[in-house]
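FYI, side chains are in, hydrogens and waters are out, and symmetry mates aren't considered; it's all heavy atoms of this structure.
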Amino acid sequence: MTVSGTALAQRNAVESWDPSARDFGRSGEAPGLPADGRNTTLEALNKILSSSKLSAFDRSIYLSIRAYQLNRLGREADSQKDIAEMGRVLPTAWQLVLSGTVPELAGGGDRAAALRTLDSALQRKPGDSWLVIAQAQVYMQIADYARALELLNAALAGATTQIDRRTALFYRGHAEFNLGQYHQAAQDFEDTLPGRTTLKSRLGPLLWRYAAQVRARQDARGTLARQIGTETLDEWPGAIARFLLGKLPVGELEVIAETGDVAKRSNGKCPAAFFIALDALRRGDRQRAREQLQLTQARCPTVSEFNWAATSELKRF
């Protein structure tokens, strides 16, 4: 069976955006973003885009990077031309590509350029939920969670598919968590579970719901145990769940986070520190929690949900 380039690109873009498809703890980088994309110069981008051998999906990715870089240089009209070209090259999925790359590029420090790029995209497709979620991510990078929550409410209202809704709920849960609205966050993380058919895809939301329930003084461990049931937890981040359930010593979790193949590839030390902190909070050990939250800040990049949560929690100490 053959799949058209456009359909394949759309599928890849959707999978790159779905939080369940990302490695737990990774920087937030979209899987389609080239490894050197963050620092690609305009001259290099021009050279890459002059090639006729790029697939539609790859061309769209490089156009999105160039649109952002042009905005950084104050060339907004040229940036808008690249966004329009993305629409021509990948008419059914260009906005998914842009929403997957721009928040990661914003992590380099120029959030204003990222927001201008997304604003230009929204002029072409007003109210698109993917683009609005991307805006919310950038606002969360600068700790404006109230604005992010407004945007995510709008994205959720405009969601047309299960994955649109699931993604909006996932990030709304993070905005609520960082605002200290833990009960609402726990519910939103729970509401992302329908449609996830494997433990791997469920485990991320389950762990974030655990975090929210700990802070809401609910039975986080009991709820997690019931959801996990008899599932094996051999694959990362299963070790985090085993630790939270009291089935793995903290020292062994730290070793797995630093030496396990999957954990190393996904910066496993980042979420390990965060959930060690949450376990300490559950037990009432605030000093241990503070130390581990500070370690989370050091280990996790600023585009990471763990960095946002650790920073917000430390402000509440």
Enquirer: Determine, using the 4.5 Å side-chain heavy-atom cutoff (strictly less than), whether Leu253 and Val255 are members of one ILVMFWY cluster.
Expert: no
Enquirer: Does Leu156 belong to the same Ile/Leu/Val/Met/Phe/Trp/Tyr cluster as Leu151, with side-chain heavy atoms less than 4.5 Å apart forming each link?
Expert: no
Enquirer: Could you tell me which non-hydrogen atom of Ile65 sits nearest to which non-hydrogen atom of Leu105, and how far apart they are?
Expert: CA-CD1, 4.0 Å
Enquirer: Trp208 versus Phe306: any side-chain heavy-atom pair under 4.5 Å?
Expert: yes
Enquirer: Regarding Tyr171 and Gln137, do their side chains bring together a donor and an acceptor under 3.5 Å, going by distance alone?
Expert: yes
Enquirer: Strictly distance-based, threshold 3.5 Å: is any side-chain N or O of Thr223 a donor or acceptor partner for the main-chain N or O of Asp219?
Expert: yes
Enquirer: Is it true that the side chains of Asn307 and Arg299 contain a donor and an acceptor less than 3.5 Å apart?
Expert: no
Enquirer: Indicate, with yes or no, if Val214 and Leu224 share a hydrophobic cluster defined by side-chain heavy-atom contacts under 4.5 Å among Ile, Leu, Val, Met, Phe, Trp and Tyr.
Expert: yes
Enquirer: Using the six-membered ring of Tyr210, assess whether NZ or CZ of Arg221 lies under 6.0 Å from its centre and within 45 degrees of the ring axis.
Expert: no
Enquirer: CD1 of Ile83 to NZ of Lys81: how many Å apart, nearest 0.5 Å?
Expert: 13.0 Å
Enquirer: When you compare the side chain of Val250 with that of Arg288, does any pair of heavy atoms fall below 4.5 Å?
Expert: yes
Enquirer: So does Ile48 get a backbone contact from the side chain of Ser51, meaning a donor-acceptor N/O pair under 3.5 Å?
Expert: no
Enquirer: Test salt bridge (Lys or Arg N to Asp or Glu O under 4.0 Å) on Arg290 and Glu313 and set out the steps.
Expert: CA-CA 9 Å; Arg290 181 189 295 274; Glu313 289 301 298; over 6 Å; no
Enquirer: Looking at every non-hydrogen atom in both residues, tell me the closest pair between Met140 and Ala148 and how far apart they are.
Expert: CG-CB, 3.5 Å
Enquirer: Is the number of heavy atoms from other residues, nucleotides or ligands within 6.0 Å of CZ (Arg217) greater than 12?
Expert: no
Enquirer: Any sub-3.5 Å donor-acceptor pair from Ser60's side-chain atoms to Phe57's backbone N or O?
Expert: no
Enquirer: Short question: side chain of Arg209, backbone of Glu190 - any donor-acceptor pair under 3.5 Å?
Expert: no
Enquirer: Check this for me: does any side-chain nitrogen of one of Arg172 and Glu176 sit under 4.0 Å from a carboxylate oxygen of the other?
Expert: yes
Enquirer: Should Val97 and Val89 be counted in the same cluster of Ile, Leu, Val, Met, Phe, Trp and Tyr side chains packed under 4.5 Å apart?
Expert: yes
Enquirer: Take Glu235 and Lys200, measure what side-chain contact (heavy atoms from CB on, under 4.5 Å) needs, and give me the verdict at the end.
Expert: CA-CA 8 Å; Glu235 186 177 355; Lys200 181 178 180 180; 3.8 Å; yes
Enquirer: Going by atom types alone, do Asp188 and Gln184 pair a side-chain donor with an acceptor below 3.5 Å?
Expert: no
Enquirer: Could you report the tightest heavy-atom contact between Trp94 and Ala121, atom names first, then the distance?
Expert: CH2-O, 3.6 Å
Enquirer: Kindly indicate whether the side chain of Trp236, heavy atoms from C-beta on, has any atom under 4.5 Å from the side chain of Arg265.
Expert: no
Enquirer: What's the spacing between Asp285 CG and Asp279 CG if we round to 0.5 Å?
Expert: 9.5 Å
Enquirer: What's the verdict on salt bridge (Lys or Arg N to Asp or Glu O under 4.0 Å) for Arg147 and Asp144, showing C-alpha distance, side-chain angles and the deciding distance?
Expert: CA-CA 6 Å; Arg147 176 58 178 150; Asp144 190 346; over 6 Å; no
Enquirer: Under a single-linkage definition using a 4.5 Å side-chain heavy-atom cutoff for Ile, Leu, Val, Met, Phe, Trp and Tyr, are Leu169 and Leu149 assigned to the same hydrophobic cluster?
Expert: no
Enquirer: Can you tell me how far the CG atom of Leu206 sits from the CG atom of Leu193, to the nearest 0.5 Å?
Expert: 5.0 Å
Enquirer: Without hydrogens or angle criteria, can the side chains of Ser120 and Thr117 be said to hold a donor-acceptor pair below 3.5 Å?
Expert: no
Enquirer: Taking all non-hydrogen atoms of both residues, which atom of Ala106 and which atom of Ala114 are closest, and how far apart?
Expert: CB-CB, 3.5 Å
Enquirer: Would you say Gln297 and Thr311 are linked by a side-chain donor-acceptor pair, where the criterion is simply a distance under 3.5 Å?
Expert: yes
Enquirer: Scan side-chain atoms only and decide if Asp164 and Thr161 contain a donor-acceptor pair under the 3.5 Å cut-off.
Expert: yes
Enquirer: Using 4.0 Å as the upper bound for N to carboxylate O, is an ion pair formed by Arg66 and Glu85?
Expert: no
Enquirer: Checking side-chain contact (heavy atoms from CB on, under 4.5 Å) against Leu131, which of Asp119, Leu96, Val102, Leu98 comes through?
Expert: Leu98
Enquirer: Quick check: do Phe170 and Glu305 have side-chain heavy atoms less than 4.5 Å from each other?
Expert: yes
Enquirer: Give me the one residue out of Tyr182, Phe189, Tyr145 that meets ring-ring contact (aromatic ring centres under 6.0 Å, His included) with His174.
Expert: Phe189
Enquirer: Roughly how far, to the nearest 0.5 Å, is the CZ atom of Arg242 from the CD1 atom of Ile228?
Expert: 11.5 Å
Enquirer: Counting C-beta onward and ignoring hydrogens, is there a side-chain heavy-atom pair between Leu199 and Leu233 closer than 4.5 Å?
Expert: yes
Enquirer: Indicate yes or no: at least one non-hydrogen side-chain atom of Ile276 is less than 4.5 angstrom from one of Glu254.
Expert: yes
Enquirer: Quick check: do Ser79 and Arg75 have side-chain heavy atoms less than 4.5 Å from each other?
Expert: no
Enquirer: Treating Ser266 as the side-chain partner and Val262 as the backbone partner, does any N or O pair qualify as donor plus acceptor under 3.5 Å?
Expert: yes
Enquirer: Could you measure the distance from the CG atom of Leu203 to the CD atom of Gln227? Nearest 0.5 Å is fine.
Expert: 11.0 Å
Enquirer: Between Glu252 and Lys247, does the salt bridge (Lys or Arg N to Asp or Glu O under 4.0 Å) criterion hold? Intermediate values first, please.
Expert: CA-CA 10 Å; Glu252 289 188 33; Lys247 298 179 179 180; over 6 Å; no
Enquirer: Determine, step by step, whether Glu76 and Arg116 satisfy the salt bridge (Lys or Arg N to Asp or Glu O under 4.0 Å) criterion, reporting the C-alpha distance in whole Å, the side-chain angles of both residues, the deciding distance to 0.1 Å, and the verdict.
Expert: CA-CA 8 Å; Glu76 293 190 37; Arg116 289 196 302 271; 3.6 Å; yes
Enquirer: About how many Å separate CD of Gln287 and CD of Gln292, when rounded to the nearest 0.5 Å?
Expert: 11.0 Å
Enquirer: Is it true that a side-chain atom of Arg196 and a backbone atom of Thr192 form a donor plus acceptor pair closer than 3.5 Å?
Expert: yes
Enquirer: Looking at side-chain heavy atoms only, is the closest gap between Thr167 and Trp130 below 4.5 Å?
Expert: yes
Enquirer: Could you walk me through whether Leu115 and Tyr139 pass the side-chain contact (heavy atoms from CB on, under 4.5 Å) test, one step at a time?
Expert: CA-CA 9 Å; Leu115 291 172; Tyr139 277 107; 3.7 Å; yes
Enquirer: Measure across Glu104 and Gly100 and return the closest heavy-atom pair with its distance rounded to 0.1 Å.
Expert: CB-O, 4.4 Å
Enquirer: Looking only at non-hydrogen atoms, find the nearest pair between Val132 and Ala155 and report the distance.
Expert: CG1-CB, 3.9 Å
